[in-house]
Amino acid sequence: MSSGPARKRTAILISGRGSNMVSLVEAAKPADFPAEITLVLSNAPEAGGLARAAEAGIATAAVDHRPFRGDREAFERAMDEVLRINQIELVVLAGFMRVLTPWFVTRWQGRLINIHPSLLPLFRGTHTHRQALEAGVAEHGCSVHFVVPELDAGPVIAQAKVPVLPGDDEDKLAARVLEQEHKLYPLALAEVASGRAVLAGDSVIRR
Ligand code: GRF
């Protein structure tokens, strides 16, 4: 038995197909990976990623946001309770399509990360690949960042770049970026879970 440091109990929050979740689960399989994926939680009971997580042997849960009728904090309190019951230490957003309130973000500050499909601070919000094509940039990519109350504004932990090529449309560019997301997110999660990347105010400290 190895007696290395305890692995961080990690939940992945999804809303859809969960391809980033699958890559994280895969990366976290070795016993020396600093995060252990112990829960996949969705706001959408029908999310395809839940079945994929269950197939991989990960516990799954759904907290449907719809019955909360726009009371975002009540919805988040219900999610938070599921995280607490599962003794979660780190929360990883992977295609989670609900905007989080300052209550939840503050509660999980420094232990809550997200992947965004652009080179932040460029192209916050949705339709990032369309935004990149319309802006005519030569390079695009993805960013993993700590979550802060302001949307897509948290300090960046890691980024990966791709070229924008002649003939690109949104789908082609999204696929090229997604390939990088699947590599970048496990690396960034390892940095955070091992304590090598720490949130300190508006920046990320490396140890
Ligand atoms: C990814 O492009 C991610 O960056 C964005 O939503 C997409 C989720 O894809 N936030 P998947 O569910 O991980 O396949």
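Counting starts at 1 for both ligands and their atoms, following the listed order. Worth saying up front: this structure is predicted, and the values here are computed from it rather than measured.
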(request) Could you check R107, E73, E76, R77 and say which one makes a side chain to side chain donor-acceptor pair (under 3.5 Å) with T101? (result) E76
(request) Taking all non-hydrogen atoms of both residues into account, name the closest pair between M21 and R52 and its distance. (result) CE-CB, 4.2 Å
(request) Can you see which heavy atom on N86 is nearest to which on R9, and at what distance? (result) O-NH2, 2.9 Å
Distance-only donor-acceptor hits, side chain of residues 190-205, under 3.5 Å, sequence neighbours excluded:
{"residue": "E191", "atom": "OE1", "partner": "R206", "partner atom": "NH1", "Å": "2.2"}
{"residue": "S194", "atom": "OG", "partner": "A190", "partner atom": "O", "Å": "2.8"}
{"residue": "S194", "atom": "OG", "partner": "E191", "partner atom": "O", "Å": "3.2"}
{"residue": "S194", "atom": "OG", "partner": "R196", "partner atom": "N", "Å": "3.4"}
{"residue": "S194", "atom": "OG", "partner": "R196", "partner atom": "NH1", "Å": "3.1"}
{"residue": "S203", "atom": "OG", "partner": "A200", "partner atom": "O", "Å": "3.3"}

(request) Could you check whether the rings of F96 and F75 sit parallel, tilted or perpendicular, using 30° and 60° as the cut-offs? (result) parallel
(message) So if I only count non-hydrogen atoms and take anything under 4.0 Å from ligand 1, which residues does that give, chain by chain?
(response) R17, G18, S19, N20, G95, I115, P117, E181
(request) Report yes if some heavy atom in the side chain of F104 is under 4.5 Å from a heavy atom in the side chain of L83; otherwise report no. (result) yes
